[in-house]
Amino acid sequence: MAERRPSGINSRRPSVIPYLAGIEKPVLPSIPSQCDVLICGTGLVESILAAALAWQGSRVLHVDANPYYGDTCATLTIEQIKAWCASVNDGSSGFQGFSKAMLHIPYPHRLNSRDYGIDLSPRVLFAKSDLLSLLINSRVYRYLEFQSLSNFHTFENDTFGKMLSTKEEIFTDQSMTLASKRQLMKMMKFVLEYDLPENKEELETHMHEPFTDYVSNRFHLSSQQINELCYALGLAPKPDISTIQGLSRVRRYLVSFNIYGNFPTLYSKYGGPGEISQGFCRSAAVAGATYKLDCALKSFDPDTKTATFEDGSKVKISEKVVCSPSQAPEGSRNVPERNYEITRLITIVEKSCKEWFAEGESAALVVFPPKSLPSNNQFPVQSIIMGSGTGCCPKDQCVWYLSTIEQGERGRRDLESALKKMEESILRESEDGGFDVELTESDVAVQANGGISVINSVKLGKSFKGFVPKEKLTYLLKLMFTQYTSVAPFGVVSNAVFEKAEENDHPGNGPDLKVIYSSMPSTEISYDGVVTEARLLYSKIVGSDDDFFDVDFEDDEDYEHGPSSESAIVDDAEEFQPEMAFEL
Amino acid sequence: MPQSEPQRESGAFLDGYRTEAGILREHGTKKSKKLSKEAMMLRMKKDAANIRRYRKISDDVLTMKENNVYTENALKLTTQLLDWNPEFYSVWNYRRDILTNYMFVGLDVEKKHKLLVGELMFVLSKLKSFPKCYWIWNHRKWCLMNDERANWSAEMQLVAQFFEVDPRNFHVWQYRRFIVQCMKDGMVSEQGKDLLDFEEFAFTTKMINKDISNFSAWHNRSDLVVKLFANSPEASEEKEDSLRKYLEVFNRKSKKDFLELELNLFQNAIYTDPDDSSVWIYIRWLFGDYFLSDLSFKESVDIINRTYQVISELAQLEKEDNHGRDNQWCLKTQVYLLKQLYKVYKAEGTNDYPEDDARQFLEKRNRLIELDPMRARRYTDFSLTSK
């Protein structure tokens, strides 16, 4: 749905939600004179909110100051990235919440802008999560394509490890001792059962102690296993998590296995949150919401309940105005504090990176636990690797998204350090032949003094520390920036953020009086928390979230399983035949 | 992913994920969804016309069945009715009568094959939504038995597809055994038949590795072991190391060495999941009379004692980890092993059964009575000398 490609709607035409012409560039004669709720910014939270409100029956006007959808979590082309950086550094209105964008494009002629879809806040979707349920219930999934992501790598001692996390892997592993197999399984089991009554006492005793201490004492796991558990499976963004936090995070991973197959997470093709935002916008539009891009809020007058836009048009609002901090009107004074930072480094490399992906997949996660990098990082560095199969970059290239909650220069240093490790690693792993290559004479160097043969070390071990790559990795793009959010790392969005609008009722206090602000994308690398925030905003506007997306689509999917006519029998058989690919 | 609409299965939206091929997964899912009263009434109202239609067809079909009506129209009506309700086994019976007494009449092998292929398609479409319905599987078997050109390897592929969705569906396992038997019946070479059994044995290993809780796989394994001890293909055929070890054991007909190999496997399994019943039940079978009767006194005593030791160590760990709670599967198996050991001594005609073992037996059994009062009487009746 991004600008760079034609909408896929023709091939994936939904049966319930009708085909919508031109939603990407809606042709609107003018803004309606009246609406119930005005939402500024088409980020993911705002888009889910818009759809929920529209289906509930509110008249929604949803605008964005940018000429594209997605706002703080947009999926952008190279040209859009350039413009975005310039706006962030200018401090243009509409770009609040970001700072210090640094863009480096060494070979501009080698980048075809529209071949790329770069996410400003990339995320992965757990197979068992509130957003996925919502995508299915709302039928928004029909606008999207999903692919699986199973490899969660942990960087440790200069190599990437992958934790054994399924019963099958643990049972068939040849290297682990029986005792540690048992402990690991016990741990996994406890993760799934910690809230059962018989575990209540155990949980209450240890709930608040550090997770790492708990698993180490209780299950005697090795420090490497603990790191994998905490930072890879749990995707913890900081080191000092409590036992209860750790358990719930690891559980999230485990329960997501085997929902759709042998993998825990998914991502949407052609771009992450940006694509999903647009899916919800589309759904909102079907339910009657009005869309306008390139439309920035100038001010809101709570007395006359009138919003004024930069182009001079006005709209009367009967309920509320919700605004993303990134799109706050100029001179705004009520934007909530955004005390938490995320430093992001996005690169496009000229390598397929297929060595990191599971078979048949195009994406992976790599996590650097605290203190695993030469920069002595205090916080983990998380990275999402998106290969060309994700539809986000051309063949034989790959997009790496690195992020950390470490602040300022330290954060940037940690990301650079992790990037270097990733570069070394991919060069090492994609080295022609790798392990299996046969040694030729030129690999055996004869030392001048004693004549002892030294075999080319590169070919002896992938994890050899003194590895000197034969080639350099080519970076086609490097983008570093800082993003701010009101959501604490690991925290859930706080209702207090939205309450601020109500507190400030002295007249004449800025152009954004009584505007409810959302929180900016959280530091979380999964989609968790997004639906919660949309729900909170929804209750704030509607009064409760009881009817949040309580939509009864007419052709109940269950019902399709019911009695079918005779012709359906034939259809079924025909459908099955090509898939079976054998003769009966 | 095929871009066809509508996408029924919730998993279908995933690009590249179509292993389900539209087969419903029933393992661990509830049979019926609980509807609220209002929803139920709404559905009843919605369904009223359908229910009337269903009753009408059902009455018509049963009347025709009674009057032995064998016509094309009758067949068509059974299709409609079974499409609605594949659990209606009388109708499946009637359908077979129509096929035998009317449809098959005067058909040559080729034409009959074509007709049955159509029948298999119908059966398949029903199996996809009802993978655990006895009558449908039964009808499929009947079709294949009546078709001289039945394509067994296609059926094996079908089984593989069903296993992708639910590797624990025992209907599919049973069907697989049926297909394998049919394939064997069609073979001339004895070596080929034995090889097929061994391939099936290797398949159970693969399925157990995937999920040690797959009781059907363990069960099939025990079934095949008996067959392979009777007849096994030559070891030279097998290249894979671990499988060749098994094959050599079958060739030598050495049940002792087989137990040694299995000891390794189940030890790994009980350490991975000490609460999984399927492994423990398999261990019981391994130390049953089928094996012990072929082992020498010394061999039996040795392997039972070693296994007992392995389980005792696990039991100890379990107890430590679970706040002093015993793992009942460990206890049960220990008691069972001690009793089997007693049997071995008895068969040898000695009275040297170690006193310590007798004491252990009582101690563990009494612990079971304590832990599992519901079955207290059963354990009380269970003594070293009881049958």
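Quick note on labels: first sequence line is chain A, next is B, and so on, each numbered from 1.
Taking CE of A/M185 as the reference point, atom OG1 of B/T272 lies at 6.5 Å (rounded to 0.5 Å). In this structure, CG in A/N262 is found 9.0 Å from NZ in B/K210, a value given to the nearest 0.5 Å.
Heavy-atom distances place both the backbone and the side chain of B/L317 under 4.5 Å from chain A. With a 4.5 Å cut-off on non-hydrogen atoms, B/I208 touches chain A through its backbone and its side chain both. Using a 4.5 Å cut-off between heavy atoms, B/L265 contacts chain A through both its backbone and its side chain. In this structure, chain A has no heavy atom under 4.5 Å from any part of B/E313. Neither the backbone nor the side chain of B/D147 has a heavy atom closer than 4.5 Å to any heavy atom of chain A.
Chain A forms the most heavy-atom pairs under 4.5 Å with one residue out of B/L116, B/D273, B/N85, and that residue is B/D273.
Atom CE of A/M207 is surrounded by more than 12 heavy atoms from other residues, nucleotides or ligands within 6.0 Å. With a 6.0 Å radius and a threshold of 12 heavy atoms from other residues, nucleotides or ligands, B/K141 has its NZ atom above the threshold.
Without hydrogens or angle criteria, B/N268 side chain to A/F171 main chain gives a donor-acceptor distance under 3.5 Å. Between the side chain of A/R182 and the main chain of B/P274, no donor-acceptor pair closer than 3.5 Å is present.
Inspection of the A/K167 and B/S213 side chains reveals an N or O donor paired with an N or O acceptor under 3.5 Å.
At a heavy-atom separation below 4.5 angstrom, chain B is approached by A/L178, A/A179, A/K181 within residues 173-181 of chain A. Chain B is approached within less than 4.5 Å, heavy atom to heavy atom, by A/K186, A/K189, A/E202 from residues 186-206 of chain A, ordered by number.
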